[in-house]
Amino acid sequence: MDSLWLLLTPATMAAILLGTVFGVVVGALPGLGSVLAITIVLPFTFTMDPVPAIALVLSVYCSSVYGGSVSAILINTPGTPQSAATTLDGYPMTRRGEADLALGWATMASLIGGLFSTVVLIIAAPQLARIALRFGPIETFALICLALTCIAGVSRGSMIKGILAGLLGLFLATVGTDPMTGSVRFTFDVFALSGGLGLIPVLVGLFALGEVFSRMAERHGGTAQIEGRVGFKLAPLGEWLLRWKTLLKSSLIGTFVGILPGTGAATASFIAYSEAQRSGRYKERLGTGEPEGIVASESSNNAVTGGALVPTLALGIPGDPTTAVLMSALIIQGIQPGVRLFIDNPEIINAAFIALIICNLVMFVVGALSAPLITRVLRMPEPLLLGMVLVLSVVGSYGVGGKLFDVLVTLVAGVAGFFFRVCGVPVAPIVIGMVLGPIFEESLRQGLILTDNDFSVFFSLEHPIALGLITVTFLILAWSAWTEVAAARERRAAA
Amino acid sequence: MRVGVRDTSFGAVMLAAAGLLWLETGRDAYQEGGVLGYGFDPAFFPRILIVLWSAAALLLILRSVVLWDKDAPEPRWGMAGLAVALTGLYVLLIGKIGFLFASMAFMALLMPLMGYRRLPVLLPVAVLFPIAVWYTFNFLLFIPLPTSPWFVRL
């Protein structure tokens, strides 16, 4: 009840409403996506109380995933990769003059998927945290190994580049003061670095500035062509009942995929769409403007939101860059996600759960009312948009600590982010490496002290959980390497 | 540029960076023992990372030499360079003439650079958007932004 009162304040409600509108709009703009949306609002949370701040970030998270479907349906270009499968049936419906109906299917499916995964989160996260309470430094070390390997292994581009990016992230986290000895490392006599590299400036640079520089360097541009005014229409309940199996199955797939580190909503929506193609009631009509395709894609990608929060909140291990940014927003508020979260901050965590439910409901209302607004925003010229993103990024990184040095770090990270994109190196593992780096180092060093510097104990039957996690890590590494070699062989054979 | 050449170059840069960082860990500041002589020196963990990082970079180079090659998309380097230079100048100007004026100038220059030259839209956006951001940060979020030497609050 206390948690509910924490939420029912004008500030929190305004944060949810504004965050949802902002998330839907940014999610709808092709190429910007959830990470950028959350990154842009992060500075606004610095001076907020914890609950409104968390509500703002969660509302942006949920609604930006949904927002991607709007442009997927209206202009055949998914605003976020997670809505790519929505284009397959959404755009054909638009071409038939049923854009309003397609938006209705997408919005309702997103709402149901989001609510479903929130219920799973509420049930599963405390249980997982309870199990994880038994984790010592060796188990934590093994768990982070597994998470980083998953993220690097399934990263866009090659596995080696993903691993390299993850290692770079871990290394960047070592800059500054050594937590155990107090010595400064890799500061190169720059005093401002003695406190370490700020996560937010690096993140804003890698994601926002890097993206803007890349888009400026690409040979495209212009504005979307949308004809006429677009509305919103819900399908009759009978139509929904005919597709309930796909809805439930896709929500399950999305939630499960969300819990796995490194996979993400794009994977979930394609798996759910494939499953609908295999077992859906209208499987033969999929790809021609069949609402079942939209239901599969949208319910699964929004179900990822709750699923991805399970390991983030319960273990303090973000599964993707979006939850990594989200986690940093919590840390800024003095809330450390992880096993102690449910014991130390029960009111806050319960408020977050209720906020997530409210966010999904508000997302539905905003989605229903904002179609004309989004249509206008999608018509906005790209240069205007990129200019605004750049200014917001710069001011956002300045807002962290009021230091121009942070803006400089953002600029350097932006240039690095641009080069990483050119070289096909995923930037997500860098951020996750930076977030997990301090815990990873601490758990390794503590583990070695506990075992008298005997690293082999990490892989022994004395620590069966750690042994299991390390075994899975090696299996994933081997599987990723094998699939990459097999794909290369196929490409070579085809050439 | 071919993908192989690109990846080899990237791997080589990463390898060189790893080498330099390894040298850095050889400095005296990194040789202090752990807490009360127990535990590890500050270079312990970074060195593990550098070794793994070098191995990954070597593997990347090896992979790009061995595996099938194709053309990588070529970005417009000139445009990217201009964007970075302009953003660098913007960051510099924020410290000199404050957020508001620097942002107005930056937006007014950046948008034409990207090919958008409709002045009736461009100029109001370049003026009003920074004002909106400045107002939000200063008066709603209470995060003061850098000011110019000419005015107290702007």
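We name chains A, B, ... by the order of the sequence lines, and we start the count at 1 in each one.
Taking CE from A:Met380 and OH from B:Tyr116, the interatomic distance works out to 9.5 Å, rounded to the nearest 0.5 Å. A:Leu390 contributes atom CG, which lies 11.0 Å from atom CE of B:Met111 (distance to the nearest 0.5 angstrom). In this structure, CZ on B:Phe45 lies 8.0 Å from CZ on A:Arg185, to the nearest 0.5 angstrom. Atom SG in A:Cys423 sits 10.0 Å away from atom CE in B:Met14 (nearest 0.5 Å). Between the CD1 atom of A:Ile160 and the CZ atom of B:Arg63 there is a distance of 5.5 Å, given to the nearest 0.5 Å. The OG1 atom of A:Thr47 sits 8.0 Å away from the CZ atom of B:Phe142 when rounded to the nearest 0.5 Å.
Comparing B:Val91, B:Val121, B:Thr25 by heavy-atom pairs within less than 4.5 Å of chain A, the highest count is held by B:Val91. Of the listed residues (A:Leu392, A:Val212, A:Leu408), the greatest number of heavy-atom pairs within a distance under 4.5 Å of chain B belongs to A:Leu392. Chosen from B:Ala83, B:Gly11, B:Ala80, the residue pairing most often with chain A at heavy-atom distances under 4.5 Å is B:Ala83. When each of B:Ile94, B:Leu113, B:Leu60, B:Leu92 is checked for heavy-atom pairs under 4.5 Å with chain A, B:Leu60 comes out on top. If you tally non-hydrogen atom pairs under 4.5 Å between each of A:Val391, A:Asp178, A:Thr174, A:Val407 and chain B, the highest count goes to A:Val391.
Neither the backbone nor the side chain of B:Ser9 comes within contact range of chain A, judged by heavy atoms closer than 4.5 Å. Neither the backbone nor the side chain of B:Leu82 comes within contact range of chain A; no heavy atom of the residue lies under 4.5 Å from a heavy atom of that chain. For B:Val125, the part lying near chain A is the side chain, with the backbone staying farther off; criterion is any non-hydrogen pair under 4.5 Å. Heavy atoms of B:Pro144 lying under 4.5 Å from chain A belong exclusively to its backbone. If you measure heavy-atom distances from B:Arg118 to chain A, you find no contacts under 4.5 Å at all. A:Phe186 touches chain B through backbone and side chain together, each having a heavy atom under 4.5 Å away. Only the side chain of A:Val415 has a heavy atom closer than 4.5 Å to any heavy atom of chain B.
Under a 3.5 Å cut-off, the side chain of B:Arg6 and the backbone N or O of A:Val422 do form a donor-acceptor pair.
Residues B:Ala56 and A:Leu164 come closest through the heavy atom pair CB-CD1, 3.5 Å.
Side-chain contact between B:Phe129 and A:Leu384 is absent, with no heavy atoms from C-beta onward closer than 4.5 Å. Looking at heavy atoms from C-beta onward, B:Met107 lies in side-chain contact with A:Met388 at the 4.5 angstrom threshold. Between B:Asp41 and A:Thr181 the shortest side-chain heavy-atom distance does not fall below 4.5 Å. In this structure, the side chains of A:Phe171 and B:Leu21 come closer than 4.5 Å at one or more pairs of heavy atoms. The shortest side-chain heavy-atom distance between A:Phe44 and B:Ile143 does not fall under the 4.5 Å cut-off.
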Task: Criterion side chain to side chain contact (heavy atoms under 4.5 Å, CB included) on B:Thr87 and A:Leu411, from CA distance to verdict - done: CA-CA 8 Å; B:Thr87 312; A:Leu411 180 66; 3.8 Å; yes

Task: Pair B:Phe10-A:Phe419, side chain to side chain contact (heavy atoms under 4.5 Å, CB included): steps then yes or no - done: CA-CA 9 Å; B:Phe10 179 74; A:Phe419 277 105; over 6 Å; no

TODO: List the steps and the verdict of side chain to side chain contact (heavy atoms under 4.5 Å, CB included) for B:Ile48 and A:Leu444.
DONE: CA-CA 11 Å; B:Ile48 296 174; A:Leu444 173 67; 4.0 Å; yes

TODO: Verify side chain to side chain contact (heavy atoms under 4.5 Å, CB included) between B:Leu110 and A:Met216, making sure each step is shown before the conclusion.
DONE: CA-CA 10 Å; B:Leu110 183 81; A:Met216 287 175 74; 3.7 Å; yes

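Within 6.0 Å of the CZ atom in A:Phe188, the count of heavy atoms belonging to other residues, nucleotides or ligands exceeds 12. More than 12 non-hydrogen atoms from other residues, nucleotides or ligands lie less than 6.0 angstrom from CH2 of B:Trp150. A 6.0 Å sphere centred on CZ of A:Phe474 holds no more than 12 heavy atoms belonging to other residues, nucleotides or ligands.
Aromatic pair A:Tyr398/B:Phe99: centroids not less than 6.0 angstrom apart.
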